[in-house]
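Numbered from 1 within each chain, the chains take letters A, B, ... in sequence-line order.
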Amino acid sequence: MINMENKNFIRTIIEQDLASKKHDKIVTRFPPEPNGLMHLGHARAIVMNYILSKDYGGRFHLRFDDTNPVKEDTIFVEGIKKDIAWLGCHWDDLYYASDYFDQMYQRALVLVKKGMAYVCDLSAEEIKAHRGDLKTHGIDSPYRNRSIEENLRLFEAMKNGAFADGEKVLRAKIDMKSPNINMRDPIIYRIQRAHHHNTQDDWCIYPMYDFAHPLEDAIEGITHSLCSLEFEDHRPLYDWFVKHTEMPKVPRQIEFGKLKIANQVIGKRLIRQLVDDHVVEGWDDPRLITLSGLRRRGVPPLAIHDFVKALGLPKSEGFTEISMLDEFIRERLKMNAKRIHAVIDPIKVIITNYPADKHEVLEAPLNRENEALGSRELTFSNTVYIERDDFLENKPNKKWKRLSLGIEVRLMHAYFIKANDVEYDENGLVTTIYATYDKETKSGSGFNERKPNGNIHFVDAKTAKPAEIRLYEDLVENVDDGRPVEEKINADSKQVKYGFIEGGINPEVEETFQFTRLGYFTLDKDTDDQRLVFNRTVSLKSSFKPKNK
RNA sequence: UGGGCUAUAGCCAAGAGGUUAAGGCAUCGGACUUUGACUCCGACAUCGAAGGUUCGAAUCCUUCUAGCCCAGCCA
């Protein structure tokens, strides 16, 4: 299942370009704007750009598209670098769009000198009004026919700070009647006095995306510039700028469909809102599908690669179910995670015929499917915890493979026990089960005279380590039904349980374990000397369906 | 309604005129099992619709239908 990458049309294009010698090596890039952190949707672009460059022996650039200082922040550039490094998509070169501000200015001058750009004095509202709308073409700006000399003088004055913010803009002179609104004399530069994280206060004019992006690509020699479908309408403009600014290298923009996940909060804007409103506990909240959230939840980066590769790069856009990612996570963890016992919702079991002062140390493998992981010591005594779900006073049906009164089950790696009696608290909740064990049934002894009614896991109460275990469910219900997210927050999306893990284990932060029969859990950074904190990474699959009767 | 796209199973997704329309996820059976896990077997589509071209079409043509994107001095 792993490494089954779907073919895609972009690979076809690259292979053709290589075969025809249009390029002898390809260069791709991932160009985030540092105004938030990366999420699973971005992972598609990051991983595919990275993999494509590797598969065809090319280079992969990480470039921060920092052309709008009022929205961007250096804390996001650091966060994004960290996320991408964690994903394992190592960039060959790191750039900033702001590194090219001077070159971009020079190229804008080329346009002005060719009479293909002009300084416009219209206000933002007037420009909007002149632009027309979807079915009405625009009308020319009264400043459209200024002389080249005047445009040169004015543009330079813009750059030198002679005008107030918003007073003037530089526009491309294309076609106000174009059915493609992007071609109706788009703005190239705006005046914006803001402190830039990289260039400080060197500039008071900043290039717009449509102008900056193609130049960035061309400057870096990007051969295949991948972006999402919404930019298809911008491609004619992209090509126009590359051509008319006379860039020596010509990149090709190719669009693919965005990755959307059903019932998950995706989209930087929405995630930022949840973070700012404290609906979640930060960008790395494990309920978020930000890369940092996935990391904190314990998702292996390669599971994300598998997921992205399985999806390919289609031009269609649909909602992928998160269960697909879950399966890749389990697949990646299966062989590598240590499998230990933990009880999330404990019930105490007292084994009445086991000596109260006795204490055994049993040996158990850490992963039956991967002997290389070795084994651990599991302790056993007359008091153990089992999972509340693993006991029902009366065996409900023949399918029930767990403990009930008068029924015998095996405590994995230990002994068969039979429940004999049970105590409840005032609410009718089981507090203690009294059981007896059969010492002939010790695991590893070869005993096979009878079969237990199932195998359940346990933790020795006398050596157990308390653990806070955080279970996560969907953050928002019916995310995609169009109603505002804040109305649909799932109050139970984070559940905190207090259980135990077996005593011989010393987990490290970010280490993932399989808690036998329960799922995969990862030690959270909130762990301290007082408590172990685990996040549920993903549960195990289960075909168990409680049947009435 | 101007322009640009998309449409293959419950969810993704290959397929680019010619074997029984890949594969994954999910689901449902069954085998195995000291994890109701894993593994293993088995089931699960005529390709948005209607016409047409062709010996032959998911693949070509026509006309529809549905959905997405575009009117920031955001990216």
Side-chain angles (χ1 to χ4, degrees), chain A residues 1-2 4-9 12 31-33 35 65-68 70-72 120 122-124 127-129 131-138 165-171 178-184 186-192 205-206 208-210 212-213 227-236 255 257-259 262 268 306-307 310-312 314-328 330-331 334-335 339 341 364 368-369 399-402 409-414 416 443-444 451-452 454-457 514-519 539-545:
Chain A
M1 182 208 308
I2 284 179
M4 295 203 85
E5 180 187 342
N6 275 316
K7 287 206 176 68
N8 60 67
F9 75 103
T12 307
E33 183 186 17
N35 65 347
D65 211 353
D66 53 353
T67 56
N68 187 357
V70 309
K71 288 190 168 185
E72 296 149 7
C120 182
L122 255 24
S123 68
I127 286 179
K128 179 178 165 62
R131 188 154 36 220
D133 59 29
L134 297 182
K135 39 198 159 193
T136 316
H137 62 65
D165 286 13
E167 194 177 332
K168 285 179 168 42
V169 291
L170 182 73
R171 293 227 252 170
S178 172
N180 181 345
I181 295 178
N182 295 301
M183 301 300 273
R184 319 235 262 229
I187 292 169
I188 300 176
Y189 269 95
R190 76 280 211 185
I191 303 171
Q192 204 165 53
I205 58 170
Y206 290 94
M208 297 288 288
Y209 168 86
D210 282 315
H213 206 86
C227 65
S228 48
L229 250 28
E230 67 216 86
F231 293 103
E232 277 181 311
D233 290 342
H234 297 243
R235 195 187 332 128
E255 311 82 14
K258 260 186 177 154
L259 170 56
K268 247 197 247 182
D306 295 336
F307 178 67
L311 261 23
K315 287 198 76 167
S316 56
E317 281 185 319
F319 287 94
T320 299
E321 292 174 349
I322 196 72
S323 61
M324 200 160 159
L325 206 217
D326 290 342
E327 189 53 20
F328 284 117
R330 292 186 196 99
E331 188 74 24
K334 183 172 68 179
M335 301 301 283
R339 303 176 182 181
H341 289 183
R368 299 181 96 89
E369 295 179 75
K399 294 264 192 179
W400 179 257
K401 293 297 180 196
R402 304 181 185 185
V409 298
R410 172 168 27 225
L411 293 179
M412 293 174 70
H413 306 301
F416 289 13
S443 288
K451 292 281 184 195
N455 303 286
I456 66 173
H457 60 94
Q514 183 192 115
F515 289 175
T516 302
R517 301 207 306 134
L518 299 174
S539 59
L540 247 26
K541 281 199 282 197
S542 173
S543 57
F544 173 59
K545 290 164 205 68

Task: Any residue meeting side chain to side chain donor-acceptor pair (under 3.5 Å) with A:Asp210, in chain and number order, not counting sequence neighbours - done: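 Applying side chain to side chain donor-acceptor pair (under 3.5 Å) to A:Asp210 gives A:His234.
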TODO: Would you mind building the protein contact string for nucleotides 68-75 of chain B? One character per nucleotide, 5' to 3', B for base within reach (heavy atoms under 4.0 Å), S for sugar-phosphate only, - for untouched.
DONE: SBBBSBBB
Counting side-chain heavy atoms from CB outward, which of [options] is closest to [X]?
X        : options             : answer
A:Pro314 : B:C11, B:A14, B:A16 : B:A14
A:Ser323 : B:G36, B:A37, B:A26 : B:A26
A:Lys334 : B:C38, B:G36, B:C25 : B:C38
A:Glu321 : B:C38, B:C11, B:U34 : B:C11
A:Glu232 : B:G4, B:G36, B:G24  : B:G4
A:Ser316 : B:A37, B:A16, B:U6  : B:U6

Report the base-pairing partner of [N] (Watson-Crick or G-U wobble, both distances below 3.5 angstrom), or none.
N     : answer
B:C40 : B:G30
B:U6  : B:A66
B:G18 : B:C55
B:C74 : none
B:U46 : none

Kindly compute the distance separating [atom1] ([X]) from [atom2] ([Y]), expressed to the nearest 0.5 Å.
X        : Y        : atom1 : atom2 : result
A:Leu259 : A:Leu311 : CG    : CG    : 5.5 Å
A:Thr516 : A:Leu518 : OG1   : CG    : 7.5 Å
A:Ile187 : A:Ile127 : CD1   : CD1   : 4.0 Å

Task: For B:G24, glycosidic torsion class - syn if within 90° of 0, otherwise anti - done: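 In terms of base orientation relative to the sugar, B:G24 is anti.
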- [ ] Would you kindly compare A:Gly444 and A:Leu325 by the position of their nearest RNA chain B nucleotide and give the one closer to the 5′ end?
- [x]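 Upstream on the strand: A:Leu325.
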Base, sugar-phosphate, or nothing: which does [X] touch, judged by heavy atoms less than 4.0 Å apart?
X        : value
A:Arg184 : nothing
A:Thr12  : base
A:Ser443 : base

Task: Atom NZ of A:Lys258: over 12 foreign heavy atoms under 6.0 Å - done: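 Check fails, neighbour count at 12 or below.
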Task: Flag side-chain contact, heavy atom, 4.5 Å: A:Lys168 against A:Ile205 - done: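 No - every pair of side-chain heavy atoms lies 4.5 Å or more apart.
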- [ ] Please say whether the positively charged group of A:Arg402, taken as NZ for Lys or CZ for Arg, lies over the ring of A:Phe544, i.e. under 6.0 angstrom from the six-membered ring centre and within 45 degrees of the axis.
- [x]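 Judged by the rule, A:Arg402 and A:Phe544 form a cation-pi pair.
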Task: Donor/acceptor link under 3.5 angstrom from A:Arg517 side chain onto base of B:G36 - done: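 Check fails, no donor-acceptor contact within cut-off.
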Task: Whole-Å gap separating P (B:C12) and CG (A:Leu259) - done: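 Rounded to the whole Å, the gap is 11 Å.
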TODO: Starting from P on B:C12, measure out to CG on A:Asp326 and report it in whole angstrom.
DONE: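 Whole-Å distance recorded here is 16 Å.
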- [ ] Look at A:Lys71 together with A:Glu33 and state whether they make a salt bridge at an N to O cut-off of under 4.0 Å.
- [x]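 No, no charged N to carboxylate O under 4.0 Å.
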